[in-house]
Student: 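Here you go, one structure.
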Amino acid sequence: MKKVSLTGIKPTGSLHIGNYFGAIKPALELSKEYDARYFIADYHALNQVKNPEELERCIREVAAGWLASGLDPEKVIFYRQSSIPEVFELSTMLMAFTSKGLMNRAHAYKAAVQENQDKGIDPDTGVNIGLFTYPILMAADIILFNSDVVPVGKDQVQHIEMAQDIAQSVNAAYKTDVLKIPQARITESVAVVPGLDGRKMSKSYDNAIPLFGPEDQLHKLIMKIVTNSQGVAEPKDPDVSQIFLLYKLFASQEEQNSLAARYREGGMGWGEAKEELFRVVNRELSPLRERFNAIMADREGLDNILARGAEKARPIADTTVKRFRKAAGID
Ligand code: TRP
């Protein structure tokens, strides 16, 4: 039997090319080797997004984004967290095995408290219980599906460790392997994707290139990439150029060699390098964008895919919850 990989995607904004290379592509790769599960963590997003139109749009966009990027819903299980009530049942059960001290140490919660303390205000200001128990809900997501590996970025490793701790507490209490202990699989194959300003591409830095934006927007953003003031004639070092770093993600080896040579020769200005970058980015993203738009236009089709995914997921979830309830004496 294949091992299980599972990853959750929080629908809190539109996808950008940093998400594509840093998370989507490596996670989809795993479906070759693992029994892969992907889900939209919409109840996690609810902590942040309180505008219903926005949340609905984010859920659909993120779902369509994964499908457009190549997720095959026939071969994997693809569902919305909110369609699986067992997640919330398991989450409640896990709370009985989670110490408050463990949650106190969670990075996101600690940062929120620290920010308040720095301002000299009540440490609980603006901190909701959903943020505090975020790692428990995430542990439930993972444990429910008997996940062996969870592909995540470095920022999520602590959450996986907490899921391990919590599952181990359950197994220790009942002196048997009720729950599978998950392992983090850190995706570091791809270097940090640089944003328009040279910092890591991130929604929060406002320096991202959207994955599915229209072609003219893509062109405009690429032309806005910050460069130094070297003139056209000057030879340039490709290895320190953001334009070139992005180019490497989209161009063939031959194209990379040829552009690197042109950088070093001199005679090519930044404008021309950007046009060449736009050409290869658009070449890869055009078909993705078309698929994305087609999926977004077919509401019912997308709903059906997600409903079918939930149908496949629920029997697995049910088995885990039943096993736990039985071990706990709540049969
Ligand atoms: N916390 C993850 C993030 O912000 C999203 C997430 C929720 C998740 N549940 C998960 C990731 C379970 C992996 C497994 O990116």
Side-chain angles (χ1 to χ4, degrees), residues 3-16 18-31 34-49 55 58-59 61-63 65-66 71 76-84 86-88 90-91 94 98 103 105-112 128 130-167 179-188 193 200-204 208 309-310 313 316-317 320:
K3 291 198 165 188
V4 173
S5 79
L6 170 139
T7 197
I9 311 101
K10 200 164 52 166
T12 50
S14 303
L15 296 169
H16 56 69
N19 299 134
Y20 182 62
F21 288 103
I24 299 177
K25 266 192 151 179
L28 288 178
E29 275 296 306
L30 289 184
S31 68
Y34 290 86
D35 213 339
R37 285 130 203 208
Y38 306 87
F39 71 96
I40 317 284
D42 42 6
Y43 272 119
H44 274 113
L46 186 59
N47 275 314
Q48 267 161 274
V49 186
L55 186 54
C58 286
I59 292 168
E61 279 190 13
V62 168
W66 279 77
L71 183 149
V76 306
I77 308 184
F78 183 49
Y79 58 93
R80 283 168 71 159
Q81 180 189 42
S82 59
S83 307
I84 317 291
E86 291 81 5
V87 173
F88 313 106
L90 180 61
S91 185
L94 294 179
T98 306
M103 295 299 98
R105 291 195 287 279
H107 298 318
Y109 167 73
K110 256 173 74 174
N128 68 20
L131 172 68
F132 188 62
T133 59
Y134 186 109
I136 304 177
L137 182 55
M138 182 157 160
D141 292 331
I142 295 168
I143 290 166
L144 191 60
F145 291 97
N146 310 311
S147 311
D148 292 287
V149 298
V150 185
V152 285
K154 286 203 185 80
D155 61 321
Q156 296 295 314
V157 171
Q158 188 196 34
H159 287 146
I160 312 299
E161 287 166 358
M162 289 178 160
Q164 293 171 339
D165 273 12
I166 298 169
L179 305 176
K180 169 85 67 69
I181 312 293
Q183 303 300 327
R185 167 138 170 177
I186 304 159
T187 34
E188 37 194 355
V193 178
K200 175 184 173 195
M201 187 176 289
S202 160
K203 252 178 326 216
S204 44
I316 305 170
T320 306

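Numbering of ligands and ligand atoms starts at 1, following listing order.
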Student: Return the set of residues passing side chain to side chain contact (heavy atoms under 4.5 Å, CB included) with Glu161 (not counting sequence neighbours), or none when no residue passes.
Tutor: Val157, Gln164

Student: Passes ring-ring contact (aromatic ring centres under 6.0 Å, His included), Trp66 versus Tyr38? Steps please.
Tutor: CA-CA 9 Å; Trp66 279 77; Tyr38 306 87; 5.4 Å; yes

Student: Mind checking side chain to side chain contact (heavy atoms under 4.5 Å, CB included) for Thr98 and listing every partner two or more places apart, or none if nothing turns up?
Tutor: Leu102, Met103, Ile136, Ile166

Student: Measuring centre to centre across the rings, with the benzene-like ring taken for any Trp, is Phe88 within less than 6.0 Å of Tyr43?
Tutor: yes

Student: Please find the pair of heavy atoms, one from Tyr34 and one from Arg185, that lie closest to each other, and give the distance.
Tutor: OH-NH1, 3.4 Å

Student: Going by side chain to side chain contact (heavy atoms under 4.5 Å, CB included), name the residues that satisfy it together with Gln156, two or more places apart in sequence or in a different chain.
Tutor: Met138, Val152, His159

Student: Tell me the residues surrounding ligand 1, counting only those with a heavy atom closer than 4.0 angstrom, sorted by chain and number.
Tutor: Leu6, Thr7, Gly8, Lys10, Phe39, Ala41, His44, Tyr134, Met138, Asp141, Ile142, Val150, Gln156

